[in-house]
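Convention: sequence-line order gives letters A, B, ...; per-chain numbering from 1.
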Amino acid sequence: MTPETLAEKVLSATRAAFEALGLDAAVLPARTAVERPRDPKHGDYASNIALQTAKKAGTNPRALAEKIAELLAGQGGVAKVDIAGPGFLNITVDAAAAGGIAGTIVAAGASYGTNNSMEGVYANLEFVSANPTGPIHAGGTRWAAMGDSLARVMRASGAKLIAEYYVNDAGTQVDHFAASLLARAKGEPTPENGYVGAYIDEIAADVLKRRPDALDAADPLEVFRTVGLELMLDDIKGTLADFGTHFDVFFSERSLHERGELDKAVERLGELGHVYEADGAVWLRTTDFGDDKDRVLKNSRGGWTYFAADCAYYLDKRERGFEKLVFMLGADHHGYVGRMQAISQAFGDEPGTMEILIGQFVNLLRDGEPVRLSKRAGNIITLNDVVEAVGVDAARYALTRYSADSAIDLDIELWTRHGNENPVYYVQYAHARTSAVLRNAADRGVAKGESYDASLLAHPRESDLLKALAEFPSVVASAAELREPHRVARYAEELAAAYHRFQHDCRVLPVGDEAPTDLNRARLWVVDATRVVLANALGLLGVSAPERM
RNA sequence: GCCUCCGUAGCUCAGCUGGAUAGAGCACCGGACUUCUAAUCCGACGGUCGCAGGUUCGAAUCCUGCCGGGGGCGCCA
């Protein structure tokens with residue numbers, strides 16, 4: 001029995017109790033959940049539904065709880081229902097019902113944890129979107145890890161999702177980039193506002209390698225711009241791929257300009273009555289939608305602003321059919337939220353169509369001191385630096401383990417340690433241990449068989465572990481709905497802890513050459529189920545699940 | 001000045017979107033290895049949840065105001 005099915009039983013028992021007591025069932029929620037109480041004296045699961053509904057129904061919570069308990073106690077799988085405090089229902093599940101989850105998990109395999117909480121949602125998730133004028137740095141690294149994990153979690157929850165990277169390949173930053181490459185190739189000093197770093201030298205050389213005639217071309221700057229951008233973007237794509245971050249679409253800002261999408265978007269906004277001219281510039285009246293001030297679409301020199309491209313990009317996404325546009329931005333962009341939301345509303349979309357997630361910064365520390373130097377990019381820390389320092393698994397785990405709301409200090413020393421204090425190793429080791437037990441079982445010819453006797457799984461460590469396993473789908477669902485992939489990492493740590501405790505106290509394989517018992521076999525199912533869930537959880541985080549360590 | 005994030009054990013952070021005696025890891029102290037991989041486990045210590053009000057049966061969680069820290073506020077991209 002899963003917590004979800006138990007919650008349904010609680011709800012239907014409550015409905016029946018309302019009827020029996022002659023109460024108005026309209027105050028009942030459509031869904032309810034059971035929670036795992038910390039104190040084992042409070043049973044396996046607890047529900048506060050009587051507390052939540054009694055007042056609205058005009059009755060006493062304790063009396064209502066008693067009626068619900070009476071009706072719930074007769075349900076299959078429910079061993080005991082106690083009432084505690086002001087009206088909590090403390091539910092004890094019978095071992096056989098609880099133990100059934102292991103079989104469910106093993107049968108589901110890689111699909112265990114998937115759920116339908118976001119079924120039918122067609123979403124676009126934009127993240128990283130670092131300028132193609134240099135390598136991805138530390139901030140972008142966090143979004144590369146979190147965004148990718150969020151994409152996986154939302155897909156696992158049934159959303160149809162496109163992961164997208166907006167390539168800012170138009171505008172003055174790109175001009176500076178091209179000019180820097182050209183100057184480098186000609187051996188001239190870096191121009192004002194130009195880019196420096198070893199990567200500029202490399203790309204300048206690579207442009208010449210690919211186009212030996214570049215300096216003699218009709219427009220050398222254009223050659224360096226086009227080829228340089230391509231090389232830089234290839235480099236970024238390679239870095240992301242090595243990091244395990246997948247994008248479905250790399251969307252070119254320049255293509256919006258070339259296809260006339262900016263004119264089209266501004267025209268549309270004009271038709272909707274939100275555009276005006278003042279001081280020789282063209283403006284969008286974003287203040288109608290809560291922004292601090294109106295924003296310029298086209299400046300007085302007749303040039304498009306970046307904001308105008310944002311409008312066009314927004315319209316393009318909507319025309320591609322996305323009903324949910326999610327953005328992950330760094331805290332340095334939070335000032336853009338107001339104008340971005342205004343774009344959505346100016347086009348007449350429902351609030352909530354556009355969702356902007358703001359994440360705080362990450363500092364890389366070594367021995368408690370901020371790390372500054374990068375071989376590639378002046379004194380900026382890059383994604384490659386982070387990976388070089390701690391490896392992909394530790395980097396991804398470290399960056400997805402914390403709420404995006406909190407700024408994090410990533411301590412290189414901690415994340416390269418092999419032990420309990422390093423969460424990624426703690427979780428991976430639990431997975432390796434499950435694999436080891438299964439390997440040993442196979443070596444000794446102990447098969448878990450077609451089925452098992454779930455009622456044998458009554459050890460406290462077993463029931464704790466089974467409850468943790470049963471929780472996984474709802475963890476994935478809430479991580480997706482709340483856009484908080486760190487919940488998966490925290491859950492994985494709890495599950496790993498429950499498994500380590502289980503393995504410490506519960507012997508799985510027969511000792512010596514004793515014959516395997518039914519308990520041995522039943523426990524193998526639990527071990528296998530744990531292996532599956534740990535692997536699935538790590539998979540959602542983009543972290544490997546090693547079979548040996 | 002305005003916007004935004006944070007403030008929970010000595011340190012790093014969770015806290016399941018209002019529930020029971022607020023949790024984990026680290027650090028410190030004390031235990032468990034002829035092991036299914038001890039990269040593990042168990043125990044002890046440790047808190048006015050920044051402060052003050054408010055909402056209610058009930059607040060770390062929601063609202064308001066302060067205090068402290070991070071980030072941001074361009075006809076830049």
Side-chain angles (χ1 to χ4, degrees), chain A residues 33 35-39 41-42 46 48 51-52 54-55 61 84-88 90 131 133 168 170-176 193 253 278-283 292-301 303 305-307 309 330-338 358-361 363 368 401-409 411 414 417-423 425-426 428-430 432-441 443-444 461 471 474-475 477-479 481-482 484 486-487 489-491 493-494 496-497 499-511 523 527 548-549:
Chain A
E35 65 176 61
R36 274 172 65 194
R38 220 162 260 286
D39 188 338
K41 286 199 290 288
H42 295 146
N48 58 8
L51 291 166
Q52 286 177 334
K55 197 181 147 193
F88 289 103
N90 292 335
N131 280 340
T133 53
N168 298 119
T172 56
Q173 290 309 311
V174 175
D175 294 340
H176 294 319
N193 297 320
E253 179 188 359
D279 307 325
V282 179
W283 301 70
D292 304 338
K293 47 172 292 190
D294 290 339
R295 304 293 168 176
V296 174
L297 292 163
K298 190 181 264 185
N299 64 34
S300 51
R301 297 188 310 279
T305 61
Y306 186 88
F307 181 68
D332 53 336
H333 281 79
H334 102 268
Y336 295 75
V337 174
I358 296 294
Q360 304 300 311
F361 284 129
N363 300 305
R401 181 175 188 258
Y402 303 95
S403 158
D405 285 341
S406 59
I408 54 176
D409 292 329
D411 189 319
L414 166 69
R417 246 177 271 169
H418 290 198
N420 208 337
E421 62 248 287
N422 182 344
Y425 279 100
Y426 184 77
Q428 286 182 315
Y429 181 54
R433 289 182 99 185
T434 60
S435 304
V437 172
L438 296 170
R439 211 161 40 228
N440 293 340
D443 288 348
R444 294 174 51 183
R461 297 304 197 205
E471 237 183 327
S474 66
V475 170
S478 67
E481 283 169 54
L482 300 170
E484 293 182 349
H486 76 273
R487 287 169 188 277
R490 299 296 175 155
Y491 165 79
E493 287 166 36
E494 272 177 44
Y499 180 76
H500 285 309
R501 284 193 284 266
F502 160 80
Q503 186 165 338
H504 190 265
D505 288 359
C506 300
R507 177 78 201 183
V508 177
L509 297 176
V511 179
R523 283 181 170 167
V527 173
R548 293 173 198 271
M549 287 175 76

When you get a sec, tell me which of [options] is the closest nucleotide to the side chain of [X]?
{"X": "A/Asp405", "options": "B/C5, B/A77, B/A39", "answer": "B/C5"}
{"X": "A/Tyr402", "options": "B/U12, B/C42, B/C5", "answer": "B/U12"}
{"X": "A/Trp283", "options": "B/C75, B/C42, B/G71", "answer": "B/C75"}
{"X": "A/Arg501", "options": "B/A20, B/C41, B/C5", "answer": "B/C41"}
{"X": "A/Arg433", "options": "B/C75, B/U40, B/G70", "answer": "B/U40"}
{"X": "A/His334", "options": "B/C36, B/C6, B/C3", "answer": "B/C3"}
{"X": "A/Leu509", "options": "B/A77, B/C36, B/A20", "answer": "B/C36"}

Verdict with supporting geometry, A/Phe88 and A/His42, side-chain contact (heavy atoms from CB on, under 4.5 Å): CA-CA 9 Å; A/Phe88 289 103; A/His42 295 146; over 6 Å; no

For [N] and [M], measure between their [atom1] atoms and round to the nearest Å.
{"N": "B/C66", "M": "B/C11", "atom1": "P", "answer": "27 Å"}
{"N": "B/G71", "M": "B/A77", "atom1": "P", "answer": "24 Å"}
{"N": "B/G19", "M": "B/G15", "atom1": "P", "answer": "13 Å"}
{"N": "B/G31", "M": "B/A44", "atom1": "C1'", "answer": "10 Å"}
{"N": "B/U21", "M": "B/A27", "atom1": "P", "answer": "32 Å"}
{"N": "B/G25", "M": "B/C62", "atom1": "P", "answer": "26 Å"}
{"N": "B/U12", "M": "B/G7", "atom1": "P", "answer": "12 Å"}
{"N": "B/U61", "M": "B/C16", "atom1": "P", "answer": "12 Å"}

Heavy-atom donor-acceptor pair, A/Arg444 side chain to A/Pro510 backbone, under 3.5 Å: yes

Side chain A/Gln360 and base B/G70 donor-acceptor under 3.5 Å: yes

Could you give the distance from [atom1] ([X]) to [atom2] ([Y]), rounded to the nearest 0.5 Å?
{"X": "A/Asn422", "Y": "A/Arg417", "atom1": "CG", "atom2": "CZ", "result": "8.0 Å"}
{"X": "A/Ile408", "Y": "A/Arg401", "atom1": "CD1", "atom2": "CZ", "result": "10.0 Å"}
{"X": "A/Phe361", "Y": "A/Asp409", "atom1": "CZ", "atom2": "CG", "result": "13.5 Å"}
{"X": "A/Phe502", "Y": "A/Arg507", "atom1": "CZ", "atom2": "CZ", "result": "11.0 Å"}
{"X": "A/Gln503", "Y": "A/Arg433", "atom1": "CD", "atom2": "CZ", "result": "4.0 Å"}
{"X": "A/Thr133", "Y": "A/His176", "atom1": "OG1", "atom2": "NE2", "result": "10.0 Å"}

Verdict with supporting geometry, A/Tyr499 and A/Glu494, side-chain contact (heavy atoms from CB on, under 4.5 Å): CA-CA 9 Å; A/Tyr499 180 76; A/Glu494 272 177 44; over 6 Å; no

Atom-to-atom span, [atom1] of [X] to [atom2] of [N] - whole angstrom:
{"X": "A/Asn363", "N": "B/U12", "atom1": "CG", "atom2": "P", "answer": "13 Å"}
{"X": "A/Phe361", "N": "B/G69", "atom1": "CZ", "atom2": "P", "answer": "19 Å"}
{"X": "A/Ile408", "N": "B/G71", "atom1": "CD1", "atom2": "C1'", "answer": "15 Å"}
{"X": "A/Tyr336", "N": "B/G71", "atom1": "OH", "atom2": "C1'", "answer": "13 Å"}
{"X": "A/Leu414", "N": "B/A27", "atom1": "CG", "atom2": "C1'", "answer": "13 Å"}
{"X": "A/Arg417", "N": "B/G25", "atom1": "CZ", "atom2": "C1'", "answer": "11 Å"}
{"X": "A/Asp505", "N": "B/C36", "atom1": "CG", "atom2": "P", "answer": "14 Å"}
{"X": "A/Asn90", "N": "B/A20", "atom1": "CG", "atom2": "P", "answer": "12 Å"}

Closest approach of A/Ser406 to A/Gln360 (non-hydrogen atoms, all atoms of both residues): C-CB, 3.7 Å

Check against side-chain contact (heavy atoms from CB on, under 4.5 Å), A/Val296 and A/Phe307: CA-CA 7 Å; A/Val296 174; A/Phe307 181 68; over 6 Å; no

Donor + acceptor pair across side chains of A/His504, A/Arg461 (<3.5 Å): no

5′-ward residue of the pair A/Phe502/A/Asp409 relative to RNA chain B: A/Asp409

Using a cut-off of 4.0 Å on non-hydrogen atoms, how would the nucleic acid contact of [X] be classed: base, sugar-phosphate, or nothing?
{"X": "A/His500", "result": "sugar-phosphate"}
{"X": "A/Ser474", "result": "nothing"}
{"X": "A/Arg523", "result": "nothing"}
{"X": "A/Ala54", "result": "nothing"}
{"X": "A/Ala407", "result": "sugar-phosphate"}
{"X": "A/His176", "result": "nothing"}
{"X": "A/Ala84", "result": "base"}
{"X": "A/Asp292", "result": "nothing"}

Phosphate OP1/OP2 of [N] contacted by [X] side-chain N/O (<4.0 Å):
{"X": "A/Ser406", "N": "B/A14", "value": "yes"}
{"X": "A/Tyr426", "N": "B/C41", "value": "yes"}
{"X": "A/Lys293", "N": "B/C73", "value": "no"}

Show each protein N/O and nucleotides 16-19 of chain B N/O combination with a separation under 3.5 Å, one pair to a line.
residue : atom : partner : partner atom : Å
B/G19   : N7   : A/Asn48 : ND2          : 3.2

Dot-bracket encoding per residue of RNA chain B, Watson-Crick/G-U cut-off under 3.5 Å, | denoting interstrand: (((((((..((((.....[...))))..((((.......))))......(((((..]....))))))))))))....

Aro-ring/base stack A/His333-B/G72, d under 5.5 Å, angle under 30°: no

Stepwise side-chain contact (heavy atoms from CB on, under 4.5 Å) check, A/Val437 with A/Arg439: CA-CA 5 Å; A/Val437 172; A/Arg439 211 161 40 228; over 6 Å; no

